[in-house]
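The model shown is predicted, which means the values in this text are computed figures rather than measured ones.
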Amino acid sequence: MNNVIRPKVKKITVELDNGAIKEYPDVQGNMPIGLFWEDLSVIRILAEYYGDGAGHDIPYEILSAYFGEAGARAVGAQPGQPITVTRDVIAKLWNTPGDDGNLPALITKIQRTYIAA
């Protein structure tokens, strides 16, 4: 091991083909652990990470904020109750149009297992 300090990423900017821009800034020293935007990476990497959901819960309020009421309803989420994130939940969120009628463009894995679209 050496004592060299690794540079830290402070912001990630993603431009979508419809012109929308999503920014993921450093929030209290935390950056997204990963961005997933293709079927293969979402299902084979992100969904596999969550596996059977052991220990991975997300509050309804965060789930609905990121995926809209449509996404929250699609996975059986209820207000005031956390939902266990599993392979099936990730696949359902990825393949369910949000409140705007569009499928998610990407899913972000951040610390504390919260996910965003």
Nearest 0.5 Å please: distance from the CD1 atom of Ile62 over to the CD1 atom of Ile83. 13.5 Å
Measure the OG1-CD1 distance between Thr84 and Ile58 for me, rounded to the nearest 0.5 Å. 11.0 Å
Heavy-atom closest pair, residues Trp94 and Glu38: CZ2-C, 4.1 Å
Which distance, rounded to the nearest 0.5 Å, do you find between the CD of Glu69 and the CG of Leu63? 9.0 Å
For residues 77-88, which residue pairs pass the salt bridge (Lys or Arg N to Asp or Glu O under 4.0 Å) check, not counting sequence neighbours? Glu48-Arg87
With heavy-atom distances below 4.5 Å as the criterion, would you say the side chains of Leu106 and Thr108 are in contact? yes
Closest non-hydrogen contact found for Asp57 with Pro82 is CB-CB, 4.2 Å
Could you please spell out the steps behind the side-chain contact (heavy atoms from CB on, under 4.5 Å) verdict for Ile12 and Met31? CA-CA 8 Å; Ile12 298 171; Met31 287 293 297; 3.6 Å; yes
Exercise: identify the closest heavy-atom pair between Ile43 and Ala47: O-CB, 3.2 Å
Pro97 and Leu103 have their tightest heavy-atom pair at N-CD2, 3.7 Å
How far apart are the closest heavy atoms of Ser41 and Phe36, and which atoms are they? O-CD2, 3.7 Å
With a 3.5 Å cut-off and no angle check, do the side chains of Thr86 and Asp52 form a donor-acceptor pair? no
Donor-acceptor check, side chain of Asp99 to backbone of Gly68, threshold 3.5 angstrom: yes or no? no
What's the separation between atom CD1 in Ile45 and atom CD1 in Ile107, rounded to the nearest 0.5 Å? 12.5 Å
Do Ile21 and Val14 have side chains that approach each other closer than 4.5 Å (heavy atoms only, starting at C-beta)? no
Before you tell me yes or no, could you show the steps for Leu16 and Trp37 under side-chain contact (heavy atoms from CB on, under 4.5 Å), namely the whole-Å CA-CA distance, both residues' side-chain angles and the distance that decides it to 0.1 Å? CA-CA 11 Å; Leu16 304 176; Trp37 60 87; over 6 Å; no
Exercise: identify the closest heavy-atom pair between Tyr60 and Pro79: CD2-CA, 3.4 Å
For Tyr49 and Lys109, what are the C-alpha separation, side-chain angles and deciding distance, and is it a side-chain contact (heavy atoms from CB on, under 4.5 Å)? CA-CA 10 Å; Tyr49 169 82; Lys109 171 73 177 82; 3.3 Å; yes
With no hydrogens and no angle check, is any side-chain donor or acceptor of Glu61 less than 3.5 Å from a backbone partner on Gly80? yes
Is the backbone of Leu93 close enough, under 3.5 Å, to the side chain of Thr96 for a donor and an acceptor to pair up by distance? no
